[in-house]
Amino acid sequence: MQVSFIIPLYNCLPLTQAMVASLRATLPAGLRHEIILVDDGSTDGTRAWLATLRPPFRVLLNERNLGYAAANNRGAAVAQGEFLALLNNDLVLATRWLEPMLAAHRRLGARAGLVGNVQRDLRTGAIDHAGIFINAKGKPEHERELPGWSWLPGCGVRRVDAVTGACVLLERRLWTELGGFDERYVNGCEDVDLCLRAAAAGRIHAVALDSRVGHHVSASPGRKARNEENAYRLAARWRDTLVRLGVRRWSEHYLATLQAGPLDAIEQAKAWGIFGYAFHLRRGPSPAAVAGMNAALDREFSRWREMFGPL
């Protein structure tokens with residue numbers, strides 16, 4: 001078995017049916033695969049439809065809604081493929097979406113981590129995902145611009161801090177080594193957490209720029225209800241890493257908001273140090289930039305503690 005496709009479901013039956021049809025229509029000829037559908041307590045007729053399916057489909061039914069992380073973990077636990085392809089049920093897959101992801105994984109070699117792709121919002125046509133970066137507040141954010149060379153045929157891969165779990169490819173062996181998704185996250189940040197754990201183990205993440213899919217973004221009910229709490233949990237676990245990954249964006253933000261006018265000697269020295277790192281003229285961030293990034297996270301932690309108390 002080469003690829004196990006894992007699709008968690010929670011209502012939205014018409015989107016699920018369209019997504020599954022697009023998956024079957026776009027699979028490479030001869031690909032050895034299985035399609036694992038994990039229903040997470042749907043009440044809209046999804047279960048009756050699932051009962052009509054036959055191999056290569058495998059169906060798992062959760063007695064109650066356990067959330068995105070737990071549904072994927074359950075599917076991965078029974079998967080037999082060399083690769084896992086995690087897919088949201090609100091995608092529309094295009095021809096040759098999978099092949100560039102497999103090629104990107106091969107290109108990264110033994111250090112390959114998670115491979116994502118370019119996703120367009122089907123409502124607007126705009127790019128919703130071309131990777132994930134850590135922003136100036138220390139929070140994960142989707143990259144929504146492509147590199148200038150991405151229009152070239154065979155443009156390959158873009159290395160990124162993380163990728164969304166909406167459409168992602170990784171080795172089943174790596175998933176097992178990492179322990180899958182952390183189920184303390186509720187419908188958010190579990191994918192970024194997994195990427196950070198893989199990176200800490202020496203893996204490299206990338207977006208396959210030749211792989212393009214459509215996405216009904218956040219179509220599942222309650223998708224964003226716990227965003228802030230999830231970001232709080234992520235930052236509590238990965239603070240130092242988020243500072244390191246976000247400090248360049250913080251530096252760019254600082255320079256963009258710097259007030260016009262003369263600066264005293266201390267502020268001028270600070271600005272030059274931040275400028276040098278933001279524009280790749282120095283290797284490491286200045287102490288002022290690191291302090292600024294930490295201060296930004298301190299403000300977020302203060303807000304989160306008021307909202308949720310201690311974790």
Side-chain angles (χ1 to χ4, degrees), residues 1-9 15-38 53 55-58 71-72 75-76 78-122 127-132 142-143 146 150-160 162-175 191 194-195 198 203-217:
M1 187 76 65
Q2 186 175 3
V3 182
S4 297
F5 298 96
I6 300 173
I7 310 168
L9 312 176
L15 293 182
T16 297
Q17 292 171 322
M19 182 270 168
V20 168
S22 73
L23 172 61
R24 301 202 74 182
T26 57
L27 288 178
L31 179 75
R32 292 178 295 111
H33 69 280
E34 61 183 353
I35 302 171
I36 302 172
L37 299 163
V38 185
L53 300 179
F57 294 100
R58 301 174 65 188
N72 274 292
V78 303
Q80 299 176 0
E82 175 188 358
F83 291 99
L84 303 181
L86 310 186
L87 302 174
N88 277 15
N89 71 324
D90 55 358
L91 297 171
V92 176
L93 302 170
T95 302
R96 289 191 56 79
W97 69 273
L98 179 61
E99 292 92 324
M101 297 178 77
L102 290 167
H105 195 282
R106 288 193 299 270
R107 180 170 170 176
L108 293 173
R111 296 187 65 192
L114 280 69
V115 176
N117 60 4
V118 178
Q119 299 173 20
R120 289 190 179 273
D121 187 327
L122 287 167
I127 293 172
D128 178 68
H129 173 272
I132 292 176
H142 282 203
E143 177 63 70
L146 296 175
S150 62
W151 60 272
L152 294 169
C155 56
V157 303
R158 166 195 262 175
R159 292 191 181 187
V160 293
V163 294
T164 178
C167 185
V168 65
L169 178 83
L170 74 161
E171 290 178 297
R172 180 164 60 93
R173 180 177 58 182
L174 176 60
W175 174 276
D191 46 7
L194 184 69
C195 287
R203 299 302 185 110
I204 298 169
H205 310 307
V207 167
L209 295 169
D210 286 332
S211 173
R212 313 285 176 98
V213 302
H215 190 191
H216 294 282
V217 179

Does any part of the side chain of [Y], heavy atoms only, come nearer than 4.5 Å to the side chain of [X], both counted from C-beta?
X      : Y      : value
Asn88  : Ile7   : no
Leu37  : Phe5   : no
Leu53  : Ile35  : no
Leu86  : Cys167 : no
Val118 : Leu146 : yes
Asn89  : Leu91  : no
Val3   : Glu82  : no

Let me check something: any side-chain donor-acceptor pairs from residues 93-104 under 3.5 Å, sequence neighbours excluded? List them with distances.
{"from": "Trp97", "atom 1": "NE1", "to": "Thr26", "atom 2": "OG1", "distance (Å)": "3.0"}

Polar side chain donor-acceptor pair, Asp121 to His215, under 3.5 angstrom: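 No.
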So, for [X] and [Y], which heavy atoms are closest and what is the spacing to 0.1 Å?
X      : Y      : result
Leu84  : Ala79  : CD2-CB, 3.6 Å
Val163 : His129 : CA-NE2, 3.8 Å
Ala206 : Leu108 : CB-CD1, 3.9 Å
Val160 : Gly131 : CG1-CA, 3.9 Å
Val157 : Arg107 : N-NH1, 3.9 Å
Ala198 : Leu114 : CB-CD1, 4.2 Å

Donor-acceptor pair, side chain of His105 and main chain of Val115, under 3.5 angstrom: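 Between the backbone of Val115 and the side chain of His105 there is no qualifying donor-acceptor contact (under 3.5 Å).
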Would you check if the side chain of Asp191 reaches a backbone N or O of Gly165 as a donor-acceptor pair within less than 3.5 Å? yes
Taking only residues two or more places apart in sequence, or in another chain, which ones meet Asn117 in a side chain to side chain donor-acceptor pair (under 3.5 Å)? Gln119, Ser211
For Glu34, what residues pass the side chain to side chain donor-acceptor pair (under 3.5 Å) criterion, not counting sequence neighbours? Ser4, Arg58
Measure the [atom1]-[atom2] distance between [X] and [Y] for me, rounded to the nearest 0.5 Å.
X      : Y      : atom1 : atom2 : answer
Leu31  : Phe83  : CG    : CZ    : 10.5 Å
Leu9   : Thr16  : CG    : OG1   : 4.5 Å
Thr164 : Ile132 : OG1   : CD1   : 5.0 Å
His216 : Leu15  : NE2   : CG    : 5.0 Å

Sorted by chain and residue number, the side-chain contact (heavy atoms from CB on, under 4.5 Å) partners of Ala18 (sequence neighbours excluded) come out as none
Working for side chain to side chain contact (heavy atoms under 4.5 Å, CB included), residues Arg120 and Val213: CA-CA 6 Å; Arg120 289 190 179 273; Val213 302; over 6 Å; no
Any residue meeting salt bridge (Lys or Arg N to Asp or Glu O under 4.0 Å) with Arg203, in chain and number order, not counting sequence neighbours: Glu171
Qualifying residues under ring-ring contact (aromatic ring centres under 6.0 Å, His included), relative to His205, sequence neighbours excluded: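 Per chain and number, His205 pairs via ring-ring contact (aromatic ring centres under 6.0 Å, His included) with no residue.
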